[in-house]
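Contents: one structure, followed by commentary.
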Amino acid sequence: MSPEPLALLAQSLPDGGCSARHGLPYAATVGVGTNQQTLTLETANWVMIDGTMDNAVSNAIDAHDTKTRKRAERVREEGWRQIPDWPKELEGLQSWPAPGQTCTVTLNQELWQFIAAALDESAVTSDYLASLPHFAASREEWLAVAADSRRLAAEVRTKLEA
């Protein structure tokens, strides 16, 4: 995925894509219990997961859905904790990660399934945005985000089944 759709997505977020870093409480520790799954992904894909979780946090706040907000916050916090070179500032994402860089993240099965479902939802939303006249100039970028979201959701599910 090219950086342009990610930048466009970040610009469309009211907080620039960092809601969990601005005072939202971090809920319970991830990984307590059974069904731990460790997946290795391209770090660029984790950046997309992080952005999808940021959107899920924002949507959950709007819907007063505390359970979804906490899950999405937990996923983001675990990514930041488990990926040691994660940039501390949004500007750092402009040149990170290196092409082909991978990361290994361990979450419980429930959170990986939550990620896949959120990516599916993101694809539907991106398809919808691509259909709006207001976004005609960026239609192809939204369609690319939708395709990338679907591809990544399928990749996560395939790795979980392996």
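Numbers here simply count residues along the sequence, with the first being 1. Since the structure is predicted, the reported quantities are computational estimates derived from the model, not experimental observations.
Qualifying side-chain contact (heavy atoms from CB on, under 4.5 Å) partners for Thr38, counting only residues two or more places apart in sequence or in other chains: Thr104, Thr106. Qualifying side-chain contact (heavy atoms from CB on, under 4.5 Å) partners for Gln101, counting only residues two or more places apart in sequence or in other chains: Thr43, Asp85, Trp96, Pro97, Ala98.
Put simply, the side chain of Thr68 never gets that close to the backbone of Asp65: no donor and acceptor are under 3.5 Å apart.
Looking at Leu160 and Gln109, their side chains come closer than 4.5 Å, going by heavy atoms from C-beta outward. Taking the side chain as every heavy atom from C-beta outward, Thr52 and Ile115 never approach each other to under 4.5 Å. Between Leu119 and Ile49, some side-chain heavy-atom pair lies under the 4.5 Å cut-off. Counting only heavy atoms from C-beta outward, the side chains of Val75 and Trp46 approach each other to under 4.5 Å.
Defined by atom type and a distance below 3.5 Å, a donor-acceptor pair is missing between the side-chain atoms of Asp50 and Trp86.
The pair Arg69-Glu73 meets the salt-bridge criterion, with a side-chain N (NZ, NE, NH1 or NH2) lying under 4.0 Å from an Asp/Glu carboxylate O.
The shortest non-hydrogen separation linking Asn108 to Arg74 is ND2-NH2, 3.9 Å. Pairing each heavy atom of Met48 with each of Ser149, the nearest pair is CE-OG, 3.1 Å.
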Full working for side chain to side chain donor-acceptor pair (under 3.5 Å) between Asn45 and Arg151:
CA-CA 10 Å; Asn45 286 338; Arg151 176 198 50 77; 3.1 Å; yes
